[in-house]
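Labels below follow one simple rule: chain letters A, B, ... track the order of the sequence lines, proteins then strands, and each chain is numbered from 1.
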Amino acid sequence: MNFDDDTSTSDFVESVMDIVAAIPAGRAMTYGEVAAALGSRGARAVGLIMSRYGTDLPWWRVVRAGGHLPLGHETRALEQYWAEGMPLTRTSSGYRVDMKRAHFDP
DNA sequence: AAGTTGACTTTCG
DNA sequence: TCGAAAGCCAACT
């Protein structure tokens, strides 16, 4: 067996990808939760990885604290939520994920 | 090699 | 209730 490993991707990146890919449809987690699951507080690092490696991941299932959508990608995520059936809540500023029902707690 | 940036979080005003 | 600033971590230039 020879899996040629991806020395290009760090273990941190692989862990993030594994967690995000493990989030089922209709569920969501916060960047802080994902970072905390790795033992790091780099919530921003998780988002940065999403921008580079999240291209093949359901990044829309990862939201900011409180269920707010990732800035600059709110509309992009909303499109996916409607398609996945994600519970959404309507706010004065726009939409947000209903963490009361969508929070994924492994 | 060093500095800046970024799909964040939390606290103070 | 809303707005702004500082703090943390990893990647990119």
**Q.** Between C1' of dC8(C) and CD1 of I49(A), the distance in whole Å
**A.** 14 Å

Taking distance alone, no hydrogens or angles, what donor-acceptor pairs closer than 3.5 Å link side-chain atoms of residues 24-52 of chain A to residues at least two apart or in another chain?
unit_1	atom_1	unit_2	atom_2	d
T30(A)	OG1	E33(A)	N	3.1
S51(A)	OG	L48(A)	O	2.4

Q. Considering only side-chain heavy atoms of V13(A), which listed nucleotide, dC8(B), dA11(C), dT10(B), is closest?
A. dA11(C)

Q | Pair partner, dA1(B) [Watson-Crick or wobble, under 3.5 Å] | A | none

Q. With a 4.5 Å heavy-atom cut-off, do H103(A) and D98(A) have their side chains touching?
A. no

Q. Want to settle it: does T30(A) or A45(A) sit nearer the 5' end of DNA chain B, counting the closest nucleotide to each?
A. A45(A)

Q. Nearest-Å distance, CD (E74(A)) to C1' (dC8(B))?
A. 14 Å

Q) Does P87(A) reach the side chain of V97(A), with side-chain heavy atoms less than 4.5 Å apart? A) no

Q: Would you mind reading off the distance between L69(A) atom CG and dT9(B) atom P, rounded to a whole angstrom?
A: 12 Å

Q. Is R52(A) side chain donor-acceptor paired with the dG6(B) base, going by distance under 3.5 Å alone?
A. no

Q.
Between P on dT10(B) and OH on Y31(A), what's the gap in Å once rounded to a whole number?
A. 14 Å

Q.
Using a heavy-atom cut-off of 4.0 Å across all strands, would you classify L48(A) as base, sugar-phosphate, or nothing?
A. base

Q.
Measuring from the side chain of R44(A) (C-beta onward, heavy atoms only), which nucleotide among dT10(B), dC8(C), dA7(B) has the closest atom?
A. dC8(C)

Q: Grab the NE2-P distance between H68(A) and dG3(C) for me, whole Å please.
A: 12 Å

Q: Determine whether L78(A) and W60(A) make a side-chain contact, defined as any pair of heavy atoms from C-beta on separated by less than 4.5 Å.
A: no

Q) OH of Y53(A) versus C1' of dA10(C): gap in Å, rounded? A) 10 Å

Q. Could you state the CZ-C1' distance from F12(A) to dC8(C), rounded to the nearest angstrom?
A. 11 Å

Q.
Does a side-chain N or O of S10(A) approach OP1 or OP2 of dA11(C) to a distance below 4.0 Å, or not?
A. yes

